[in-house]
Amino acid sequence: DGWERAGAFACDPGSAATPFTVMIPPPNVTGSLHMGHALTFTLQDVLVRWRRMEGRDVLWQPGSDHAGIATQMVVERLLAEEQTSRQAIGREAFIARVWQWKAESGGTITRQLRRLGASLDWPRERFTMDEGLSTAVRKVFVDLYEQGLIYRDRRLVNWDPKFQSAISDLEVESQEVRGHLWHIRYPIEGENRFIVVATTRPETMLGDTAIAVHPDDPRWRDLIGRFAILPLVGRRIPIIADAYSDPEKGSGAVKITPAHDFNDFAVGQRHSLPMPSVLDRAARVTLTEIEESITLVNGIADPGFLRTLEGQGRETARTAIVAELARLDLLEATETHTHQVPHGDRSGAAIEPLLTTQWFCNAAVLAKPAIEAVESRRTEFVPKQWENTFFAWLRDIQPWCISRQLWWGHRIPAWYDPDGAVFVARTEAEAQRAAGAGVALTQDEDVLDTWFSSGLWPFSTLGWPERTPELARYYPTDVLVTGFDIIFFWVARMMMQGLHVMGDVPFRTVYIHGLVRDERGQKMSKSKGNVIDPLELIDRFGADALRFTICAMTGPGRDVKLGAASVENRRSFVTKLWNAARFCEMNAIRPDQGFDPASAKLPLSRWILDSANRAVDEATAALEAYRIDDYAHTLYHFTWSNFCDWFLEFAKPVFAEGDTAAAREVRGVAAHVLGTLLRLLHPAIPFVTEELWDRLGYGAPCGLIRAPWPGPVAVSEAEAARAELDWVVRLIGEVRAVRAEMNIPPAVLAPVLLRDASPENMARAGRWIEPIRRMARAANVSALEGEMPKGSAQAVLDEATLVIPLVGLIDVRAEQARLGKDRAKAVGEADKLRRKLANEDFVSRAPAEVVEENRERLAGIEAEIARLEAALRRIE
RNA sequence: GGGCGCGUAGCUCAGCGGUAGAGCACUGCCUCGACACGGCAGGGGUCACAGGUUCAAUCCCUGUCGCGCCCACCA
């Protein structure tokens, strides 16, 4: 809208201002705005708008992520609806189709971000599959390859049989599954006895190449070095000693299937065991690699049965195998067994460890500088405790499998000649040169893990590998704002890649926020049906209300529990602000450049200016400390309580005087403070503040976003103004409390008498008579000398006693009860203080000022008790 | 199994060594010229439990109980 047209979101690489850079965590192109986005982008926008007002040259870099698997899934679903598939149309057509889909639907989330008010520098929007970013990806890949940090290896990976692709450790999540533990008898060669092994996965036994027992376990000592016959297959497999075998678990002997289990793979390597795969890429049984070892052994192995398994899925094969073992009387026992089974986080399919050739990144080498950067505080986490999480993962990092058997993504820049020799290069032409002219090359079919390109985001978006002015100016970025759920996926990868490629950290601060949950604290999920759509909340309550709610509810390290009710509630605040501004407008409160708030003379002016100074200080300090909740609460309280409930109420009688000097001053001060308020609130509540800014004449339309962040105003004798207003506020409070508790009808204007009041306070009462009349509904305030009128209510205010004479309206017993309650409270307090002060240890060991403070408090309370007792005596 | 976080008013949470706080909800009063998405007043808490340190503990330490999360783990 207007801001964007005015270029208010744009960074200015040519400016002399200090840059402030934030990289958006690029949302998936497939995405639409959810509450998690609303949270993270609101927090970022608050920081960004605040810094922009502070005069920084802000770059908030927008963009989106190609999100390999997620996007491929979406488009594959579309194809399925059209009765076709990616395999049917082929790779090239499929990729063209994804681009087409992106062109049509990829802009959804950016439109929604605009509705939230996100002040991103839109013309600089990037996409991870853009030509420039793809160039960066290829260059980093080639460089890391040449440095030996990227390599091909044949090893066990987490294989997702649904996507038929490798996935990284991070994309695997455990799910508890109720299954069985089958105890299977493996006959010992040449003997008439068995060794029993327990397994939850009998279908993998076809790939067993050993049985391991613990070297110190006496039960098996005589069997080490001998052979067992693998049931169903008839293969001889050795019985080996390996400490991996845990005598406590299962039967104490464990079957070793190196091609289908990570631990078994390690055992297989230690003992140079064969590693036949017996499951294919779709997790169906395949006998190809064990063909030669299939042998007929009567009563133990029947090749005919094995043939029936070929091509069967894991589950059916498992059932068939268990039945066959039972038929052969090789099943010793079956137990039910609950255990954790790894599943693909996106597909939901059970993950199959599979022996394949993949590309790996030596993350351990890249992790070291990342760890050091945080240890040396070049990058700091907020809240700090997340550093532990970061360290723990990086210190024990495993090789990162970066190849994916997908089509949508950055294709791996590696080419093979007909003999399988690999040529890694930034372009096919370069690979060709390396291979020699005329050699037929085919490019690697695989694409890179999406997070490989996301990890380059902080510099690839700025033009790297070109040495652009933006890169020099905006890297390293200032703060990264994101959720704890992607510390490993993204934050750690950016740290590793940024340090390696750029030689410097990608960001100085990582601000980690929580997750958005529903009002009962449940994680939002489609299946639970508790998802709240931020756009719906924006429609109902406005983006400002949603943003302010998010700000107010985001504690450090805590999840945000958010329901429509809390947003509705905060909308009241936005409305309150609007109404307060409307009141100002109606009272001719207009910004006046010629008015200097420092020249204000009235205590009321000095008091609100001083309060505003504190609000500015506190709000700014809160933002600096990433305490967005404190920032919101400070301004909520200042606006509602100080500005509306007290200042504007005090101002009303002044305005009623007409165009006096006092009224002119208060108008000027009010305009100044409202302007401060609009500026302070703008980062959280941009739309309404901007509209008011324009409407009340503070500046040009869309001018607030670039208005300077407020600083302190010189206020003379602030202390005196504070003391004065504090007394008046308490006086009004006491009168109101008495009236409410004694049920004095509002229509009754009560006279207020002050007994024993100091001349100073009597003078104050005179100066503030109009507001006191209005706000306390007092007829007048005067000194009481001599006898108290019968049937009066009383209250103690410092040295004075308030007397409200209301014959016939005061219930004597109620008044006694009220004063008695006040006295009891004061007496309890005094007792506590006396006990404390009677303690010699306290007096001698506590700091002198603390002791003094307690003495003063006690003196004050004792005086109050005396006055309350006097008041009680007077009632009779 | 290892680690992190959290148990404070009915609810959601702040405070984290020296007088227990906020918002919402609740109760009473109020159509008072910005605002009922409002105003005024009020009730409500042995700060999970048990020890310890300290003159002083909601706050620091140790343990217990309860809740949540992360990592590892397919015998």
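Just so it is clear: chains get the letters A, B, ... in the order the sequence lines come, proteins before strands, and each one is counted from 1.
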Closest approach to the side chain of [X], judged atom by atom: which nucleotide of [options] is it?
{"X": "A:Asn579", "options": "B:G42, B:G39, B:A34", "answer": "B:A34"}
{"X": "A:Pro847", "options": "B:G43, B:G18, B:A20", "answer": "B:G18"}
{"X": "A:Lys832", "options": "B:A20, B:G39, B:C37", "answer": "B:A20"}
{"X": "A:Lys836", "options": "B:C35, B:A14, B:G18", "answer": "B:G18"}
{"X": "A:Arg582", "options": "B:G38, B:G18, B:A34", "answer": "B:A34"}

Would you call A:Arg627-A:Glu618 a salt bridge at under 4.0 Å N-O? no
Starting at atom [atom1] of [X], determine the distance to atom [atom2] of [N], rounded to an integer number of angstrom.
{"X": "A:Ile732", "N": "B:A41", "atom1": "CD1", "atom2": "P", "answer": "10 Å"}
{"X": "A:Glu840", "N": "B:C55", "atom1": "CD", "atom2": "P", "answer": "14 Å"}
{"X": "A:Leu648", "N": "B:G39", "atom1": "CG", "atom2": "C1'", "answer": "13 Å"}
{"X": "A:Phe390", "N": "B:C4", "atom1": "CZ", "atom2": "P", "answer": "18 Å"}
{"X": "A:Met586", "N": "B:A34", "atom1": "CE", "atom2": "P", "answer": "6 Å"}
{"X": "A:Gln385", "N": "B:C4", "atom1": "CD", "atom2": "P", "answer": "10 Å"}
{"X": "A:Glu849", "N": "B:C55", "atom1": "CD", "atom2": "P", "answer": "17 Å"}
{"X": "A:Phe573", "N": "B:G38", "atom1": "CZ", "atom2": "C1'", "answer": "15 Å"}

Tell me what [X] touches on the nucleic acid: a base, only sugar-phosphate, or nothing, going by heavy atoms under 4.0 Å.
{"X": "A:Cys644", "value": "base"}
{"X": "A:Glu649", "value": "base"}
{"X": "A:Val850", "value": "base"}
{"X": "A:Ala392", "value": "nothing"}

When rounded to the nearest 0.5 Å, the distance separating OG1 of A:Thr689 from CG of A:Leu681 is 7.0 Å
Between [X] and [N], is there a side-chain N or O to OP1/OP2 distance below 4.0 Å?
{"X": "A:Arg835", "N": "B:C55", "answer": "no"}
{"X": "A:Arg627", "N": "B:G15", "answer": "yes"}
{"X": "A:Lys561", "N": "B:G68", "answer": "no"}
{"X": "A:Arg558", "N": "B:A14", "answer": "yes"}

On a whole-Å scale, what distance lies between the [atom1] atoms belonging to [N] and [M]?
{"N": "B:C16", "M": "B:G5", "atom1": "C1'", "answer": "15 Å"}
{"N": "B:U46", "M": "B:U8", "atom1": "C1'", "answer": "12 Å"}
{"N": "B:A14", "M": "B:G7", "atom1": "P", "answer": "7 Å"}
{"N": "B:A36", "M": "B:U19", "atom1": "P", "answer": "40 Å"}
{"N": "B:A56", "M": "B:G18", "atom1": "C1'", "answer": "7 Å"}
{"N": "B:C69", "M": "B:C60", "atom1": "C1'", "answer": "25 Å"}
{"N": "B:A9", "M": "B:G42", "atom1": "C1'", "answer": "14 Å"}
{"N": "B:G23", "M": "B:G68", "atom1": "P", "answer": "31 Å"}

### Query
Is a side-chain N or O of A:Arg739 found less than 3.5 angstrom from the main chain of A:Val748, in a donor-acceptor match?
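Here the side-chain-to-backbone pair exists.
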Per side-chain contact (heavy atoms from CB on, under 4.5 Å), A:Ile512 is matched among A:Asp485, A:Ile486, A:Thr482 by A:Thr482
- request: Give me the one residue out of A:Val254, A:Ile211, A:Ile256 that meets side-chain contact (heavy atoms from CB on, under 4.5 Å) with A:Val197.
  value: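 When side-chain contact (heavy atoms from CB on, under 4.5 Å) is applied between A:Val197 and each of A:Val254, A:Ile211, A:Ile256, only A:Ile211 qualifies.
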Encoded 5' to 3' (Watson-Crick or G-U under 3.5 Å; [ ] crossing; | other strand), RNA chain B becomes ((((((((.[[[[.)..(..]]]].(((((.......))))).....[[[[[..)....]]]]])))))))....
Which side-chain N or O atoms in residues 645-658 of chain A pair as donor and acceptor under 3.5 Å with protein atoms at least two apart or in another chain?
{"from": "A:Glu649", "atom 1": "OE1", "to": "A:Lys652", "atom 2": "NZ", "distance (Å)": "3.3"}
{"from": "A:Glu649", "atom 1": "OE2", "to": "A:Lys652", "atom 2": "NZ", "distance (Å)": "2.9"}
{"from": "A:Glu657", "atom 1": "OE1", "to": "A:Thr660", "atom 2": "OG1", "distance (Å)": "3.0"}

Which heavy atom of A:Glu176 sits nearest to which heavy atom of A:Gln340, and what is that distance?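 Where A:Glu176 meets A:Gln340 most closely, the heavy atoms are OE2-NE2, 3.2 Å.
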With sequence neighbours left out, the residues meeting side chain to side chain contact (heavy atoms under 4.5 Å, CB included) with A:Val278 are A:Leu206, A:His260, A:Ile290
- Message: Could you work out, with side chain to side chain contact (heavy atoms under 4.5 Å, CB included) as the rule, every residue matching A:Phe488, not counting sequence neighbours?
- Response: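 Checked A:Phe488 against side chain to side chain contact (heavy atoms under 4.5 Å, CB included); matches are A:Leu170, A:Thr389, A:Trp393.
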Scoring nucleotides 21-32 of chain B by protein non-hydrogen atoms under 4.0 Å (B base, S sugar-phosphate only, - none) yields --SS-----S--
Going 5' to 3' through nucleotides 69-75 of chain B and flagging B where a protein heavy-atom sits under 4.0 Å of the base, S where only the sugar-phosphate is that close, and - otherwise, we get --S-BBB
* Asked: Parallel, tilted or perpendicular for A:Phe390 and A:Phe381, by the 30°/60° rule?
  -> tilted
